Structure formats: C-alpha cells, structure tokens
There are 2 protein chains.
Amino acid sequence: MIKADERREEIAEYVIKLGQVRIDDLVEHFGVSRMTIHRHIDRLAQQGVLRKLHGAVTVQPSGLYESAFRYRVTVNRAEKDTLARAALDYVEAGQVVMLDDSSTANAVATLLLDVKPLTVITNSVATASLLTNVDDIDFICLGGKYHGTYNAYIGIVCENAVAQLRANVLICSASAITGTTAFIQDPNVVRVKQAMMAASVKRILLVDHAKFDRIALHVFDDLTSFDAVLTTEGLGDAQAQHLERAGVKLRIVKTTAQ
Amino acid sequence: MIKADERREEIAEYVIKLGQVRIDDLVEHFGVSRMTIHRHIDRLAQQGVLRKLHGAVTVQPSGLYESAFRYRVTVNRAEKDTLARAALDYVEAGQVVMLDDSSTANAVATLLLDVKPLTVITNSVATASLLTNVDDIDFICLGGKYHGTYNAYIGIVCENAVAQLRANVLICSASAITGTTAFIQDPNVVRVKQAMMAASVKRILLVDHAKFDRIALHVFDDLTSFDAVLTTEGLGDAQAQHLERAGVKLRIVKTTAQ
DNA sequence: CATATTGACGTTAAATTCACATCGCTATAT
DNA sequence: ATATAGCGATGTGAATTTAACGTCAATATG
C-alpha cells in the first residue's frame, strides 16, 4: 500500500522528467508488468498528474511540480470523487459547463475528459491545466487577478469575463452550510461565484456532509437557488427532511466502493 | 498515437530542412502511402508548422511554426534572450507590465522575476505558469478561449479583459515585418494585440532580424506606433537607416557573448 | 485533362481492458 | 504460536477497443 504509493511517485517523477514516455519504456524501466503500469498511471491520471495517451503518457501541461506533489495531499478524495461522479448526471455531451475553483469541481473536470465534445469554462488554474490541449474540449479560461490561496483567477476582471458568457450548467462548491444558506469565506470569491450563478441555466452545488452546520464569513446563496444540491452520506435524516421541506432539491449520494 | 507523433516530427524536420518538398518525395522517403503522408501533413498544417501546396509542402513562411508549441525551435534562443535582456531597460520596479503570447515575451518574463515589485498581465499560459506564486509579483491573467497553437488565451473574452486594464508598458512581438509594417498570422491574435496596444502607455516591439522582409496574413500595426523597436544584429545598414528616416525608433541590440 | 486531394471503408497491428489466479502481508481467532 | 481469512498489489492471457494505414472511388484543382 505504501509501496504502491512510492512506486506511483517514482513513475510520476520519471514521466515529469522526460515529459512524455512510452508505456513500454515504463514497463522496462520499472521491471513490472504492463498491466501494473496501466493501473498506476490510471490512478495518476485520475489525480490529474499525468495524462494518458494511446501507448504513452505525458505530464499535464502546466503546474507540473505542484500537481506532482499535490496528489499526496488528497483530502477527502473519496468523497469528492463520489460527488464528482454523481455530478456527471447533470452534464451532457455538447454542452457548456462552468466550473468554479473548488477542488470538488476539479475532480469533476477529470471525469469530464470522457464526456466529449464539451465546452468548459473555469477560473481554476488546476482545472485549466487539466483541460488544455484535450481533443474535443473547447476550453475558456476566466482571467483575473491570480490568487495563490485558491490557485485561481478572481476579481473584477474575472467577474466581467463571466458576465460575457452563458453556460448550460454550473458545478460549484461552498465553504459551509447553515440552515438553507451556503457560505464562502472570501468576499471576492463570492462575487465571482454569484456571477457564475447568474450566467448559468442550471446550477449544481457539491458539498460533502462535513460542510453542514458550519458558517463562513460571507453569504453565497440560498440552497433553493440550486437545481440540485449533492452531498455525501452522513447528513442526519431529520436535517435532510428539513431541507427538503424548505424546497431544497437535495440528493444524498452513496459512497460507491470502487 | 505516439508513433504517429514521432513520424510527424520526422516529417516536419525533413521539410523544414529542405524548405520545400514534394509529396511524392515524402511518400518515397518514408515508405508509406500517399494518403498517410497527407494525413500527417494535414495535421502539421493545422498546427501551423507546414503549409500545403498542390503536390508539395513548404514550411510556414511567416515563422508561425516557432510558436507551435511542440515545434518551438530553440535555435533562436540566444537572440530571444538578448532581446529580452535589452527590453528590461524599459521596465521599472513598481510598474504594470503587459506581455503578449510570444516566446520572446516569455523570455522577458523569466528576467522580470528579478525586477520586483511588479504587476504583470499576460494571455500566455507559459508566462502565466512562470509568474504564479512569485512573491512581490501581482499577476493578472487575461482569460479567453484557449488556443493550443499559441498556448494562449485569445478571442473576444480576452479582448474585453484587456480593455478593462491599463499598463505602463507593453512588451510584444510580431510574426513578420515588411517596410514599416508589422504582421501577425492569425486575425484573432491581431485583435488581442491591438487591444494591448490601446491599453498600454509605452509599447516595445521585440523582433529578431530574421523576421524582416517577410509577411504574414494580417497587418498588426505600423512600426512608428512603438516607443521602441528592438532587433538583433544582422539588419542591413541601409534598411536600418531607412526605418529611422521613416520615424521608427529602432534599436539594434548587440548579441552579448555570455 | 491530368493529377492531386479528399472521404469512406476495410484491414491489420497494437494497446487497453477485463476476468481471474497468485502472492505476500496483517489481523484475528483458535 | 499457529492457522487462516481478508485485503491489496501484481501477473497472465483472452477479449475488446483503438489507432494507423492502405485501397479505391469520388471530387477538386491547376
């Protein structure tokens, strides 16, 4: 288990060093079976470190080191993946999808690689580097002032850019939920997200259950504004019923053992 | 897929070396069918590396292939560095600097890391990843539709973003120069660059001498619109004098042996 | 008109996935 | 202490999918 993680890290470093490597080279270099290499790079690709081609793997275009070592940090990855997979139900090929700068939305982006063709819009740098140079995905980056804390572009430039666009569906997250209100910590981020809400026909909110009964500094929006609020198991039945009575389109996604 | 990539690279090198090659020669030289050669060069032409004639292929006449990211030749690296170093004379700490998506401007960005504090604006993905998370550099990314050929964001979203900003100095490049006119291959790129011109107080153009006496599809601007036009040694004296008489603020930068 | 180019289709070779077997380790019960 | 059940990582070979290329007919070009 630890050994596999280390092996993956070795593979990632090797690929990052060479930029692009053939699968057979990896097989030879690491002296394991082709199947094992596939399993490793599948996982690395899912984490957004590498990209799988046919017969070869490449590194993600930008943010190399960062993403190379980010895959260790993976907080709540299983829950994020679960939510992300469920979010795919709201996306169809050919649509315009807007993603915010949350790590949950980034998880959705990795899955969107299989829902082509698609136009994707985001202000997240991590998501941007996932989606550049993907065939059959038109990618539009929302510019703005770079903010390292969020690894995203925000500010008035970003808000104005959003206002010029329209998406079929917005997939986003929030910092905290209390009652039927979603909160965000940073006021500038709130403005960007609100602009995204206004620019999207359908709006999906992804929040793991741990975000409930907590507050953050700024009000983002009411849960009833969303066409679906997806959360993970662990929300009390009473609370779930209360939300549904208040008109929230709640959907509790069961964690799928995979 | 990887094999085809390598084959395409071979073809590109072969054509670049010979300048112009007949399709049948490629068929014979690589020992594959005519259809396959066509498919390869179609893709290379789409990437802007080659140009298709009837029965033959040539290299893209305007040096566009330099910016096709995979084929960005490192031959002119020294000249770009020379120009970039000279461009630093026009930047002071504390200013707002705008950079276009040229590889020359990207070279400037690497040097800007030592001129802090600074605010930098660009639409180049390569430059963006250079400047994120640098202390004392405020970075603003110009969003827009991602274009893999230039590895940059362009389009109307980008133009509008530029229009919201003002920079002390713009540092940019062009595809080709004829007389006192600077050209760019892609019309959408032209619009972004023109917006950048309008948004900057001072404008600096960096072009190596090989760009002179060549044309590209679209007019960018007149050389007299720039506050300085920097180029490398190799421009004829007569031509230099002619440009200066026409009012171009020309500066020929000597290559520093380093 | 001759030749170049494109498009549709089939073939082949290769890569990838899938189902299943094995191995090694750990935890737990006897 | 030993046995053994469980889990994860790995390997194997067949089945499936995908990419690359060639052929030929239809179309476009000079």
Side-chain angles (χ1 to χ4, degrees), chain A residues 1-15 18 20-47 49-59 71-72 74 77-78 81-82 85 93 110-111 113-117 133-137 255-258, chain B residues 1-15 18 20-61 70 148:
Chain A
M1 40 189 88
I2 292 270
K3 221 169 59 186
D5 267 353
E6 285 170 3
R7 170 54 51 86
R8 270 191 287 279
E9 200 160 328
E10 282 177 37
I11 292 177
E13 277 176 30
Y14 187 72
V15 178
L18 298 187
Q20 178 163 8
V21 185
R22 262 188 256 198
I23 303 247
D24 282 341
D25 288 345
L26 291 173
V27 171
E28 192 186 342
H29 188 262
F30 289 98
V32 294
S33 79
R34 182 173 285 100
M35 189 69 231
T36 300
I37 291 294
H38 272 292
R39 277 188 277 245
H40 282 313
I41 61 181
D42 279 349
R43 195 128 148 200
L44 286 166
Q46 203 203 345
Q47 291 168 334
V49 182
L50 303 180
R51 172 172 300 168
K52 228 177 147 175
L53 306 178
H54 209 81
V57 279
T58 66
V59 298
Y71 78 85
R72 291 187 223 175
T74 59
R77 200 183 72 222
D81 279 354
T82 302
R85 207 165 298 275
T110 64
L111 302 177
L113 296 175
D114 298 323
V115 190
K116 303 184 282 192
N133 296 311
V134 180
D135 281 347
D136 295 319
I137 290 198
T255 309
T256 55
Q258 64 148 11
Chain B
M1 176 150 188
I2 181 84
K3 224 170 55 186
D5 262 356
E6 284 168 6
R7 169 56 52 85
R8 270 190 289 278
E9 209 158 323
E10 283 176 35
I11 292 177
E13 275 176 34
Y14 187 73
V15 176
L18 298 187
Q20 173 159 349
V21 186
R22 288 185 334 161
I23 302 250
D24 282 341
D25 289 343
L26 291 172
V27 170
E28 191 187 344
H29 187 263
F30 289 98
V32 294
S33 80
R34 182 172 285 99
M35 188 69 227
T36 300
I37 290 294
H38 272 292
R39 276 188 279 244
H40 283 311
I41 61 182
D42 279 351
R43 193 126 150 203
L44 286 165
Q46 197 200 346
Q47 289 175 317
V49 182
L50 303 180
R51 163 174 300 179
K52 250 180 124 163
L53 306 177
H54 211 78
V57 280
T58 65
V59 300
Q60 192 62 264
R70 192 164 170 81

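Naming: A, B, ... by sequence-line order, numbering from 1 per chain. What you see is a predicted model, and the numbers here were worked out from it, not measured in a lab.
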- request: State the CD1-OG1 distance between B:Ile41 and B:Thr58, to the nearest 0.5 angstrom.
  value: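 Here the interatomic distance stands at 10.0 Å.
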For atom [atom1] of [X] and atom [atom2] of [N], their distance in whole Å:
{"X": "A:Ile23", "N": "D:dT17", "atom1": "CD1", "atom2": "P", "result": "19 Å"}
{"X": "B:Asp42", "N": "D:dA20", "atom1": "CG", "atom2": "P", "result": "14 Å"}
{"X": "A:His54", "N": "D:dT16", "atom1": "NE2", "atom2": "P", "result": "16 Å"}
{"X": "B:Ile41", "N": "C:dT5", "atom1": "CD1", "atom2": "P", "result": "7 Å"}
{"X": "B:Asp5", "N": "D:dA20", "atom1": "CG", "atom2": "C1'", "result": "12 Å"}
{"X": "A:Lys52", "N": "D:dT18", "atom1": "NZ", "atom2": "P", "result": "12 Å"}
{"X": "A:Glu6", "N": "D:dA9", "atom1": "CD", "atom2": "P", "result": "13 Å"}
{"X": "B:Leu53", "N": "D:dG30", "atom1": "CG", "atom2": "P", "result": "10 Å"}

message: Please find the pair of heavy atoms, one from A:Gln46 and one from A:Thr110, that lie closest to each other, and give the distance.
response: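 Heavy atoms only, the tightest pair is O-CG2, 3.5 Å.
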- request: Check step by step if salt bridge (Lys or Arg N to Asp or Glu O under 4.0 Å) holds for B:Arg39 and B:Asp42.
  value: CA-CA 5 Å; B:Arg39 276 188 279 244; B:Asp42 279 351; over 6 Å; no
- request: Look at the aromatic rings of A:His29 and A:Tyr14 and report parallel, tilted or perpendicular, splitting at 30° and 60°.
  value: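 Answer is parallel, since the angle falls under 30°.
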- request: Determine whether more than 12 heavy atoms belonging to other residues, nucleotides or ligands lie under 6.0 Å from atom CD of B:Glu28.
  value: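 It does not: B:Glu28 CD has 12 such atoms or fewer within range.
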message: For B:Gln20, I'd like to know if atom CD has over 12 heavy atoms of other residues, nucleotides or ligands within 6.0 Å.
response: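 Enclosed: over 12 neighbouring heavy atoms sit under 6.0 Å from CD of B:Gln20.
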Please tabulate the protein-to-nucleotide N/O contacts below 3.5 Å involving nucleotides 10-15 of chain D, giving atom names and distances.
unit_1: D:dT10; atom_1: OP2; unit_2: A:His40; atom_2: NE2; d: 3.3
unit_1: D:dG11; atom_1: OP2; unit_2: A:Ser33; atom_2: N; d: 2.9
unit_1: D:dG11; atom_1: OP2; unit_2: A:Ser33; atom_2: OG; d: 2.9
unit_1: D:dG11; atom_1: OP2; unit_2: A:Thr36; atom_2: OG1; d: 2.4
unit_1: D:dG11; atom_1: N7; unit_2: A:Arg39; atom_2: NH2; d: 2.7

query: With respect to the phosphate group of C:dT17, does any side-chain polar atom (N or O) of A:His38 fall under 4.0 Å of OP1 or OP2?
result: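 Checking C:dT17 against A:His38, a side-chain N or O does come within under 4.0 Å of OP1 or OP2.
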